[in-house]
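Notes to accompany the following structure.
What you see below is based on every heavy atom in this structure, not just the backbone, and it leaves out hydrogens, waters and symmetry mates.
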Amino acid sequence: IYLRCKLDILNQRFTRLINQFNQRRIINASLDGSILEPCGKIEANRLVLSTLDIQIDKNKQNSYAVFRSFYPVRMTFGDIQQDDIVELHYGLTNFLFNGCEWCLKGNIKTRDKFSVIINGNTFEFRQLDNYKFISEELKKRKDVRITSELIIRTQWRDIKQIESKVNDVLILLSLAQGNWITCLYKDIYKEQNLVKTELIPGKTMPFRKCPPLIDAKHFESCDTKTFLETTFPRYQELKDDLGLNIVIEYSIISKMAPFLEIKYLLGAITFECITSYLSDYFKKLKKYVNLSTLRSKILALLSHFDVTYKEKELEDFIKYRDKLVHTGRFPSDVNPLEAWIKLQNFIDRTLLTILGYKGKPYINSAKGFVKELLI
């Protein structure tokens with residue numbers, strides 16, 4: 001988030017500012033209480049000076065300080081009480097999907113949304129009005145774009161619990177789509193009036209044309225809805241014990257990485273990361289298992305969660321992982337692309353099984369990206 005502020009270069013404070021900037025000192029600032037049109041206030045408590053843009057011409061002097069905020073910037077246009085019913089609109093990046101539900105926009109009937117029930121709350125995912133153009137530009141430019149909104153109605157007093165659920169849902173949605181999906185703004189409406197806006201400095205990653213793990217075309221069934229409603233309870237149960245938010249992030253980054261060697265190594269880190277939690281997890285369960293080697297840890301993980309796998313998958317993974325870690329290259333007799341696709345599918349099946357998704361449809365990368373039931 002950047003804030004661009006006009007400067008008065010004749011002010012003594014400007015001279016001190018430019019001296020500190022030239023000394024490469026970190027310059028902190030805040031913005032609070034400024035009036036917004038038609039009426040409102042902006043609050044940015046923690047800003048850092050990023051650049052100075054000084055321009056002088058004959059007619060006028062235009063100089064600007066550009067500040068960067070690594071924390072939310074809030075704008076308030078009205079009051080909210082604890083018992084008020086509010087509608088939250090979260091702006092989501094890089095989420096491409098076809099809707100499962102029909103709605104009317106004016107006189108036009110369109111299928112641009114789907115709804116999921118999460119712990120008693122309805123999470124509605126809706127494409128933006130210019131979704132078709134945005135999605136085409138996103139695929140072409142491979143950058144970061146807000147494509148849709150997540151809409152939730154709730155009491156204001158429950159906002160903290162809702163925020164936690166939203167973060168968990170976005171992690172799962174990123175796993176399902178193979179692209180990093182995050183939230184960059186939150187609009188809060190009361191009685192259809194905008195009362196608060198929050199700009200969120202979220203982590204973003206450029207869009208990649210990675211095949212999804214869960215089909216979001218929704219031609220026959222609403223697989224994304226099924227996925228979220230099935231996996232959310234299990235994710236919340238295990239996320240801290242197994243570090244699932246970090247593990248899932250590594251699995252997504254491995255798919256987005258540019259080179260096969262990096263993809264494979266990040267995939268290996270995904271396995272090593274989740275198995276590093278097993279010692280404490282099994283102690284909590286009062287279960288005693290051999291965890292002396294990476295192979296024994298992975299075997300313990302697969303056995304405990306009843307993951308379906310072939311012995312050769314594990315043997316090949318250990319062999320290729322060791323070779324890459326020590327030499328930076330795949331074994332000479334191995335097809336790197338084929339090895340990576342098999343590992344990707346191995347990781348996908350493991351994570352889906354841990355999340356309780358057995359018996360549900362997913363995209364099998366090892367079989368040419370066909371849709372089938374997870375066994």
Side-chain angles (χ1 to χ4, degrees), residues 85-154 162 165-194 197-200 202 204-232 360-363 371:
I85 300 297
V86 295
E87 190 170 89
L88 311 173
H89 289 236
Y90 295 88
L92 306 186
T93 64
N94 296 10
F95 180 28
L96 300 184
F97 65 94
N98 290 333
C100 307
E101 304 168 24
W102 292 94
C103 67
L104 280 175
K105 287 189 175 180
N107 296 322
I108 301 174
K109 192 175 183 181
T110 180
R111 201 170 76 157
D112 65 348
K113 68 174 184 175
F114 69 94
S115 300
V116 179
I117 305 299
I118 301 291
N119 285 6
N121 297 107
T122 299
F123 283 45
E124 179 186 301
F125 297 88
R126 186 188 291 268
Q127 299 169 352
L128 295 184
D129 290 340
N130 53 344
Y131 172 83
K132 184 176 180 181
F133 171 78
I134 294 172
S135 60
E136 289 174 352
E137 286 293 297
L138 184 62
K139 292 174 185 176
K140 180 168 65 177
R141 301 186 184 279
K142 299 180 178 63
D143 53 8
V144 178
R145 307 243 170 163
I146 294 175
T147 61
S148 55
E149 285 191 334
L150 166 57
I151 303 171
I152 307 167
R153 284 178 58 83
T154 184
I162 291 294
K165 293 176 187 177
V166 168
N167 291 334
D168 290 345
V169 164
L170 295 186
I171 289 285
L172 290 171
L173 207 54
S174 299
L175 173 65
Q177 294 307 301
N179 267 289
W180 189 252
I181 298 169
T182 193
C183 169
L184 292 186
Y185 72 79
K186 177 177 64 183
D187 286 340
I188 303 170
Y189 292 85
K190 184 178 76 171
E191 298 175 350
Q192 298 184 336
N193 295 313
L194 179 65
T197 286
E198 185 172 312
L199 306 180
I200 304 169
T204 60
M205 301 181 195
F207 179 80
R208 293 287 183 269
K209 290 185 178 180
C210 304
L213 182 54
I214 304 299
D215 182 17
K217 294 180 180 178
H218 299 154
F219 291 143
E220 299 175 357
S221 57
C222 201
D223 290 354
T224 309
K225 171 185 172 72
T226 300
F227 170 78
L228 289 176
E229 291 184 343
T230 301
T231 60
F232 185 84
K360 303 291 193 302
Y362 84 111
I363 306 297
K371 182 176 172 180

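- Lys142 and Lys139 get closest at one heavy-atom pair: NZ-O, 3.4 Å.
- Here the side chains of Leu173 and Thr224 are in contact, with some heavy-atom distance below 4.5 Å.
- Looking only at distances, no side-chain donor or acceptor of Asn98 sits under 3.5 Å from a matching main-chain atom of Ala216.
- Scanning for salt bridge (Lys or Arg N to Asp or Glu O under 4.0 Å) contacts around Lys165 gives an empty result, with sequence neighbours left out.
- Rounding to the nearest 0.5 angstrom, the gap separating the CD1 atom in Ile181 from the OG1 atom in Thr204 is 13.0 Å.
- Residues Arg153 and Thr122 have side chains not in contact (no heavy-atom distance under 4.5 Å, counting atoms from C-beta outward).
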Stepwise side chain to side chain contact (heavy atoms under 4.5 Å, CB included) check, Asp143 with Leu138: CA-CA 6 Å; Asp143 53 8; Leu138 184 62; 3.5 Å; yes

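- For the disulfide bond (SG atoms under 2.5 Å apart) condition, no pair includes a residue of residues 121-153, sequence neighbours left out.
- Asp215 places no side-chain N or O within 3.5 Å of a backbone atom of Glu220 that could act as its donor or acceptor partner.
- Legend: residues meeting ring pair (Phe, Tyr, Trp, His ring centres under 6.0 Å) with Phe232, ordered by chain and number and at least two apart, are absent.
- Lys190 approaches Ile85 most closely through the heavy-atom pair CG-O, 4.0 Å.
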Could you go through the side chain to side chain contact (heavy atoms under 4.5 Å, CB included) check for Tyr131 and Leu96 one step at a time? CA-CA 9 Å; Tyr131 172 83; Leu96 300 184; 3.6 Å; yes

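- Partners of Phe227 according to the ring pair (Phe, Tyr, Trp, His ring centres under 6.0 Å) rule, which considers only residues two or more places apart in sequence or in another chain, are Tyr357.
- Nearest heavy-atom pair, His218 versus Cys100, reported as atom, atom and distance to 0.1 Å: ND1-SG, 3.3 Å.
- Considering only heavy atoms from C-beta on, Ile171 comes within 4.5 Å of Trp180 through its side chain.
- For the atom pair CD1 (Ile151) and CZ (Phe123), the distance works out to 12.5 Å, reported to the nearest 0.5 Å.
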Let's go through Glu229 and Lys225 carefully: what are the C-alpha distance in whole Å and the side-chain angles of both, what is the deciding distance for salt bridge (Lys or Arg N to Asp or Glu O under 4.0 Å) to 0.1 Å, and is it a yes or a no? CA-CA 6 Å; Glu229 291 184 343; Lys225 171 185 172 72; 3.2 Å; yes

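- The aromatic ring centroids of Phe125 and Phe97 lie 6.0 Å or more from each other.
- Here OG1 of Thr182 is found 6.5 Å from CG of Leu170. Values are rounded to the nearest 0.5 Å.
- The line from CG of Leu228 to CD1 of Ile117 is 11.5 Å long, rounded to the nearest 0.5 Å.
- Atoms CD1 and CD1, from Ile188 and Ile152 in turn, are 11.0 Å apart once rounded to the nearest 0.5 Å.
- For the side chain to side chain contact (heavy atoms under 4.5 Å, CB included) criterion with Cys103, the lone passing option out of Lys109, Arg111, Lys113 is Lys113.
- Between Glu149 and Leu128 the shortest side-chain heavy-atom distance falls below 4.5 Å.
- No side-chain heavy atom of Leu199 sits less than 4.5 Å from a side-chain heavy atom of Leu184.
- Partners of Asp223 by side-chain hydrogen bond (donor to acceptor under 3.5 Å, both in side chains), not counting sequence neighbours, listed by chain and number: Ser221, Lys371.
- Among all heavy-atom pairs drawn from Leu213 and Leu175, the shortest one is CB-O, 3.6 Å.
- For Arg141, the salt bridge (Lys or Arg N to Asp or Glu O under 4.0 Å) test picks out Glu137, with sequence neighbours left out.
- Here CZ of Phe207 is found 5.0 Å from CG of Asn179. Values are rounded to the nearest 0.5 Å.
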